[in-house]
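Okay, so here's the structure we're looking at.
Numbered from 1 within each chain, the chains take letters A, B, ... in sequence-line order.
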Amino acid sequence: MNKTLIVLVGPTGIGKTKTSLEIAKYFNSEIVSCDSRQIYKELSIGTAVPSAIELGTIKHHFIHSHSIHDYYSASMFENEVLAFLEAKFIQHDTYLMVGGSMLYIDAVCNGIDNIPDVDPTLRQNLLDKFESEGIESLRLQLKQLDPAYYSTTDLKNPKRILRALEICLMTGKPYSGFMTRQKKERPFKIVKIGLNCSREILYRQINNRVDEMIQSGLIEEAKNVYPHKKLNALNAVGYKELFNFFDGNTTLEEAVSKIKQNTRNYAKKQITWFKKDKNINWFAPGENQKIIKLLKSSI
RNA sequence: GGUGCCAUAGCUCAGUUGGUAGAGCAACGGACUGAAAAUCCGUGUGUCCCUGGUUCAAUUCCAGGUGGCACCA
């Protein structure tokens with residue numbers, strides 16, 4: 001029998017969790033969460049982790065599996081999920097990956113190129129240099145070390161420049177040399193399902209969900225991790241805005257409306273990314289029967 | 001009721017010595033290979049409150065109206 005990974009994607013707030021439970025139940029599968037913030041055990045409310053009841057219904061993986069203090073990356077996620085599936089496909093023929101973290105989904109489905117890990121000290125040194133000298137000197141350095149990448153990349157984006165420089169300096173080879181952009185073969189079939197609806201409805205749901213998060217204690221949750229606000233894991237919608245409020249830079253009301261706004265912007269960004277993926281079969285939320293019908297015919 | 005000030009983008013406001021207008025924020029569109037809920041890029045979307053008047057030409061000047069704010073009654 002074929003092993004299949006069903007991949008359920010869509011913008012935040014569309015209702016992926018609800019749909020995923022139906023699909024998982026039908027195919028007797030477990031769920032692999034693909035969410036770059038739900039993996040942190042310190043975060044629950046602001047990341048919209050499924051409820052205890054939902055988690056009890058279907059076995060979930062990669063939720064609360066790491067700590068905000070751990071270093072994590074899309075590549076690590078790729079490796080961990082592939083290792084997990086390899087071991088688990090003995091038990092189930094079908095697994096369901098659900099989430100909205102675009103790069104993570106891509107890493108699992110298509111793979112990302114093998115590039116050596118970066119030494120944290122080097123990263124910090126480059127960051128310091130960026131702080132003190134600005135982006136221009138880093139840009140010049142990259143131009144020398146990797147002219148090919150320099151000519152194609154977004155030169156105004158510090159993260160792109162820093163990343164490329166890190167690899168060039170660490171390996172002594174151009175960063176672009178590592179990028180094959182070749183799709184990796186997977187030992188299982190992948191079927192992608194996308195959920196989307198009108199912008200108006202989606203945005204209304206997002207706004208409501210943020211209000212619910214606040215009522216459920218998001219402020220308290222954010223307060224608990226506030227001492228670690230500099231961690232990358234906490235550079236996340238729902239937390240950074242509240243940190244601003246704790247710092248006294250905004251009112252609570254402003255912070256909440258900023259959370260709504262940033263969540264809407266994030267949803268839009270996800271839609272833009274997913275639109276490009278021609279392998280996604282699109283459905284409206286609630287079309288579970290149609291989704292299951294399509295899955296049955298393609299598994 | 002009287003006097004004064006104001007009315008321009010979704011919001012806050014610039015501006016046009018008369019030639020139909022532009023900033024910030026929002027919004028919208030896009031990029032994306034180990035930080036990705038991150039990071040970055042692009043786009044002005046307009047009955048310049050309404051009706052008349054002066055003028056070749058009015059969002060701009062004038063008159064009246066409407067709405068808002070302030071002060072005086």
OP1 or OP2 of [N] versus the side-chain N and O atoms of [X]: is any pair under 4.0 Å?
X: A:Tyr104; N: B:rA36; result: yes
X: A:Arg163; N: B:rC40; result: no
X: A:Asn79; N: B:rG34; result: no
X: A:Asn235; N: B:rU39; result: yes
X: A:Tyr72; N: B:rA35; result: no
X: A:Lys258; N: B:rA26; result: yes
X: A:Lys156; N: B:rA31; result: no
X: A:Lys269; N: B:rA31; result: no
X: A:Asn232; N: B:rA36; result: yes
X: A:Arg37; N: B:rA36; result: yes
X: A:Ser101; N: B:rA36; result: no
X: A:Tyr40; N: B:rA35; result: no
X: A:Arg160; N: B:rU33; result: yes
X: A:Lys275; N: B:rG30; result: yes

Atom pair distance, as rounded to whole Å: [atom1] in [X] and [atom2] in [N]:
X: A:Lys240; N: B:rA35; atom1: NZ; atom2: P; result: 17 Å
X: A:Leu162; N: B:rA36; atom1: CG; atom2: C1'; result: 15 Å
X: A:Gln124; N: B:rA35; atom1: CD; atom2: P; result: 14 Å
X: A:Asn110; N: B:rC32; atom1: CG; atom2: C1'; result: 14 Å
X: A:Ile112; N: B:rU33; atom1: CD1; atom2: C1'; result: 5 Å
X: A:Asn157; N: B:rU33; atom1: CG; atom2: P; result: 9 Å
X: A:Leu155; N: B:rG42; atom1: CG; atom2: P; result: 13 Å

Considering every strand and a 4.0 Å limit on heavy-atom distances, what is the contact class for [X]: base, sugar-phosphate, or nothing?
X: A:Gly111; answer: nothing
X: A:Asn262; answer: nothing
X: A:Pro116; answer: nothing
X: A:Thr12; answer: nothing
X: A:Tyr203; answer: sugar-phosphate

Please determine, for [N], whether a Watson-Crick or G-U wobble partner exists with both distances under 3.5 Å, and give it or none.
N: B:rA27; value: B:rU43
N: B:rU17; value: none
N: B:rA9; value: none
N: B:rU3; value: B:rA70
N: B:rC61; value: B:rG53

If I pick the [atom1] atom on [M] and the same atom on [N], what distance separates them, to the nearest angstrom?
N: B:rC71; M: B:rG24; atom1: P; answer: 35 Å
N: B:rC56; M: B:rU45; atom1: P; answer: 32 Å
N: B:rG1; M: B:rU17; atom1: P; answer: 38 Å
N: B:rC11; M: B:rA27; atom1: P; answer: 14 Å
N: B:rU47; M: B:rU43; atom1: P; answer: 22 Å
N: B:rC49; M: B:rU66; atom1: C1'; answer: 8 Å
N: B:rG18; M: B:rG46; atom1: P; answer: 27 Å
N: B:rA58; M: B:rG52; atom1: C1'; answer: 12 Å

Of the nucleotides [options], which has the atom closest to the [X] side chain?
X: A:Asn265; options: B:rC40, B:rA27, B:rU33; result: B:rA27
X: A:Gln261; options: B:rC28, B:rU39, B:rA26; result: B:rA26
X: A:Thr272; options: B:rC28, B:rA35, B:rA31; result: B:rA31
X: A:Asp117; options: B:rG29, B:rA26, B:rG34; result: B:rG34
X: A:Trp273; options: B:rA35, B:rC40, B:rA36; result: B:rA36

A:His92 ring center near A:Tyr95 ring center (under 6.0 Å):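 Judged by ring-centre distance (under 6.0 Å), A:His92 and A:Tyr95 do meet the cut-off.
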
Sub-6.0 Å ring centroid separation between A:His66 and A:Tyr40: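 No, they do not, as the ring centres are separated by 6.0 Å or more.
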
Salt bridge (charged side-chain N to carboxylate O under 4.0 Å, His left out) contacts in which one or both residues fall within residues 190-206 of chain A, not counting sequence neighbours: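 Salt bridge (charged side-chain N to carboxylate O under 4.0 Å, His left out) check on residues 190-206 of chain A returns A:Lys192-A:Asp277, A:Glu200-A:Arg204.
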
Salt bridge (charged side-chain N to carboxylate O under 4.0 Å, His left out) pairs, two or more places apart, involving residues 211-221 of chain A: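 Found A:Asp211-A:Lys260.
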
Distance (rounded to the nearest 0.5 Å) between A:Ile271 CD1 and A:Leu202 CG: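 Those atoms lie 5.5 Å apart.
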
Contact check, side chains of A:Leu21 and A:His60, non-hydrogen atoms, under 4.5 Å: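 Counting from C-beta outward, A:Leu21 and A:His60 do come under 4.5 Å.
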
A:Glu254 atom CD, over 12 foreign heavy atoms within 6.0 Å: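 Enclosed.
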
CD/A:Glu136: more than 12 non-hydrogen atoms of other groups inside 6.0 Å: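 It does: A:Glu136 CD has more than 12 such atoms within range.
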
Residue mapping more 5' on RNA chain B - nearest nucleotide basis, A:Ala236 or A:Lys276: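 The 5'-side residue here is A:Lys276.
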
Stepwise salt bridge (Lys or Arg N to Asp or Glu O under 4.0 Å) check, A:Glu54 with A:Lys18: CA-CA 9 Å; A:Glu54 289 168 331; A:Lys18 213 171 149 201; over 6 Å; no

Conformer about C1'-N of B:rG18 - syn within 90° of 0, anti elsewhere: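 It is anti.
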
Sorted by number, the residues of residues 166-188 of chain A with heavy-atom contact under 4.0 Å to RNA chain B: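 A:Tyr175, A:Arg181 - these, ordered by number, are the residues of the stretch whose heavy atoms sit under 4.0 Å from the strand.
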
Aromatic ring pairing A:Tyr72/A:Phe77, orientation class (parallel under 30°, perpendicular over 60°, tilted between):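 Because their plane-to-plane angle is over 60°, the rings of A:Tyr72 and A:Phe77 count as perpendicular.
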
No-hydrogen, no-angle side-chain donor-acceptor test under 3.5 Å, A:Gln38 and A:His64: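 A:His64 and A:Gln38 do not have a side-chain donor-acceptor pair below 3.5 Å.
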
Pi-cation contact, A:Trp273 with A:Lys276 (under 6.0 Å, within 45°):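 Yes; both conditions hold, so A:Lys276 lies above the ring face of A:Trp273.
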
